[in-house]
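The chains referred to below are lettered A, B, ... by the order of the sequence lines, with proteins before strands, and numbering in each begins at 1.
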Protein chains: 2
Amino acid sequence: MATARDVARRAGTSTAVVSYVFNDGPRGVAPATRQKVLDAAAELGYRPNALARSLSRGRTHSIGLIVPDICNPYFAELARAIEDAAGTTGNLLLIADSALSAAQERRHTLSLIERQVDSVVLVSVSDEPDLGAFFEAGIPVVALHPLSERDRRHASSLTIDYEAAAQRATEHLLAHGYGSVVLLNGPGESTGARQHRAGFDRAVAGAEGVRASAVRSEISRHRAAEVAEELLSGPERPRAVYCTTDEQAFGVLYAAHRIGLTVPDDLAVVGFDGTRNCLVSIPALTTVQQPTEAMARRVVEILAGRTVEDEPVHEILGFEFVARESSGGPAPA
Amino acid sequence: MATARDVARRAGTSTAVVSYVFNDGPRGVAPATRQKVLDAAAELGYRPNALARSLSRGRTHSIGLIVPDICNPYFAELARAIEDAAGTTGNLLLIADSALSAAQERRHTLSLIERQVDSVVLVSVSDEPDLGAFFEAGIPVVALHPLSERDRRHASSLTIDYEAAAQRATEHLLAHGYGSVVLLNGPGESTGARQHRAGFDRAVAGAEGVRASAVRSEISRHRAAEVAEELLSGPERPRAVYCTTDEQAFGVLYAAHRIGLTVPDDLAVVGFDGTRNCLVSIPALTTVQQPTEAMARRVVEILAGRTVEDEPVHEILGFEFVARESSGGPAPA
DNA sequence: TTGTAAGCGTTATCAC
DNA sequence: GTGATAACGCTTACAA
């Protein structure tokens, strides 16, 4: 691999000038010299060594993204959107997949710190992410989900209002007149799970004579399908289900199909996230649409030029509720 | 952030010794000294700077993975599997998503070279990947799909036999007695697409009085659904479809649902890749199962200790054909 | 406008 | 068994 030294030698100049040319500064270069450098670089196929550059400058121009499960299309779409946004600012996105394991998340945390990413976008598998490690390493973090009171001091957050979204989705089901609804929540007692629960409860509390209950499952089609199959085969089969992720909702659709129930005639289903798959599921899935692109752009903005010393910010973005066939379409007025 | 210098100073020794301790070599260290270094490091929260280490050693212990579309679950599952395999050898996987764009793939190529990844696993969006760039940079590459004759000199490959797989899948449909079959291939004239085509043709050639044709679509549920909807609404509606990816097959399932066709009674569908979603689609999808885990392990093995000077290897792994409901189950004997 | 040289934080050679 | 010290490839004062 050719180095700046090789280029300088060939162009009959110094490494400093090579650097000036490739960075457009901090010193000017005579047009003729610049051209000689460019030619030499082209002939040698020179590419600056990012490692050496980062070591010298103290910035890697890379952003770490930790997602709980890259196999969940929502996180894949999120990664895509953030990469696009980061790319426009010349940043590289390092995608780290926790594979639903807190231990793996921890390993990635250390790995990203060692690799000196400039900042981190975090979607944690657990409710107790290791923000301290990033903080001590001087790496600013933005979480894309609600944070506990304690964690809000160490990291920023950017999220939608889960409670309002859950309430909206549940009210939609109630407006259809479905007399029994179930909340299919994620596993564990995260801040997010609590907010889903609160929104669901609030909606139910505002309705008369509705039978409501809650179950949990891991965030995957398969586990949700298992839980749903048991639920739907039981004596008290609910008329509607609000799922806290699309993946779980797809699992419920599958369970209904297995049992021979028709959606939405026998069972109404609502998801959450708004992945593109909602448009081509059988049937098309009613869901809470996350503002993925806007979130991606905003998170990159927030991180640009931010340091750990800066006061964390906590922003809420709007969501959109999209009624489709799986819940019987738009609720009657 | 504490440096080796800080640790050395505190432990009353030199940076060399700190390095010896943290690398278990290449020189021995007296137990007492070692302990002093360890203590000092712990007190300062010292973590070696991976950048500096890589610059000095010339190895980054990272593998680049370029996938065409991280939103396609097959590639997400593949990334997961490779990351697992790479992790066991202490390597970090950098996931780069081309977003179905050759230009983006090209950018990632340059980016990975700049970041000095030790090696690259490539799934290209195009049939003309930029292997030369990696070759010149001294970075060994393994492609996870068939390569053209020209490219086989510059990179290794590890893949299943697409032609045999396509033939097997098509024969399965014919054995069910479906009299008209369609090949839903990917876009473009890639080596892979040609192999799918060849296998399909070979199977059809071995059958009597079968109506066969071929269509193409991009690799996404939505595009495949559009293509399929037109195909299935036409006058010559086929009885069975062999899709070269699961994603396309899911699109076909959706199109059938929209039109009111029942799968497999009105239309049989076979996919390719064997993503986990095949088990929870409506109905469960018959597919060619790629040996994802084995492929991941093997690709990491191949790359370990390989240099560009080494002669490329080209290996074929076995696949498994899995008959499920979408094609009417196992073919009659 | 250009060159020299001192970092950036490691590793590893070579004396002691 | 340890400690100077020269790389690794780049950036950027500072000098010329």
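As judged by a 4.0 angstrom heavy-atom cut-off over every strand, B:R34 is placed among residues making no nucleic acid contact. At the heavy-atom level, A:Y46 lies under 4.0 Å from the strands shown only through sugar-phosphate atoms. Within the 4.0 angstrom heavy-atom criterion, only backbone atoms of the sugar-phosphate kind lie near A:A30; the bases stay farther away. Counting non-hydrogen atoms under 4.0 angstrom, A:S19 reaches a base of the nucleic acid. Residue-level contact check: A:V18 touches neither bases nor backbone, having no heavy atom under 4.0 Å from any strand.
In this structure, CZ of B:R57 is placed 16 Å from P of D:dC8, rounded to the nearest angstrom. Taking atom CD of B:E114 as the reference point, atom P of D:dC10 lies 10 Å away to the nearest angstrom. Straight-line distance from the CD atom of A:Q35 to the P atom of C:dT1: 16 Å, rounded to whole Å. To the nearest angstrom, C1' of D:dC10 lies 14 Å from CE of A:M1. Taking atom CG on A:L51 and atom C1' on D:dA7, their separation rounds to 15 Å, with Å as the unit. Atom CD of A:Q116 and atom P of C:dC8 are 14 Å apart (whole Å). Whole-Å rounding puts the A:R59 CZ to D:dT11 P distance at 14 Å. Atom CZ in A:F22 sits about 16 Å away from atom P in C:dT2, given to the nearest Å.
A donor-acceptor contact under 3.5 angstrom links the side chains of B:H314 and B:S157, judged on distance only. The closest side-chain donor-acceptor pair between A:T275 and A:E77, if any, does not fall under 3.5 angstrom.
Nearest to the side chain of A:T15, among C:dA5, D:dA13, C:dT10, sits C:dA5. Closest approach to the B:R53 side chain among D:dG1, C:dT11, C:dA12 is made by C:dT11 (side chain taken as heavy atoms from C-beta onward). Among the nucleotides C:dA5, C:dT10, D:dG3, the one closest to the side chain of B:A4 is C:dT10. Here the side chain of A:L55 is nearest to one of C:dC14, C:dC8, D:dC8, namely C:dC8. You'll find that the side chain of B:T3 is closest to C:dG9, out of C:dA12, C:dG9, C:dG3. When distances are taken from the side chain of B:S56 to each of C:dG9, C:dA12, C:dT2, the shortest belongs to C:dG9.
Between A:R27 and C:dT1 there is no side-chain polar atom (N or O) within less than 4.0 angstrom of OP1 or OP2. Between A:R5 and the phosphate of D:dC10, there is no side-chain N or O to OP1/OP2 separation shorter than 4.0 Å. Checking the phosphate oxygens (OP1, OP2) of C:dG3, a side-chain nitrogen or oxygen of A:T13 falls inside 4.0 Å.
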What's the verdict on side chain to side chain contact (heavy atoms under 4.5 Å, CB included) for A:V37 and A:V29, showing C-alpha distance, side-chain angles and the deciding distance? CA-CA 10 Å; A:V37 169; A:V29 176; 5.8 Å; no
So A:L131 and A:L122, side chain to side chain contact (heavy atoms under 4.5 Å, CB included) or not? Walk me through it. CA-CA 9 Å; A:L131 297 176; A:L122 173 67; 3.9 Å; yes
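Across the interface with DNA chain C, nearest-nucleotide mapping of A:S14 and B:N23 shows A:S14 to be the residue nearer the 5′ end. Nearest-nucleotide assignment on DNA chain D puts the 5′-proximal partner with B:Y20, out of B:A52 and B:Y20.
The pair A:D39-A:K36 fails the salt-bridge criterion, with no side-chain N (NZ, NE, NH1 or NH2) lying under 4.0 Å from an Asp/Glu carboxylate O. A salt bridge links B:R298 with B:E301; the closest basic N to acidic carboxylate O contact falls under 4.0 Å.
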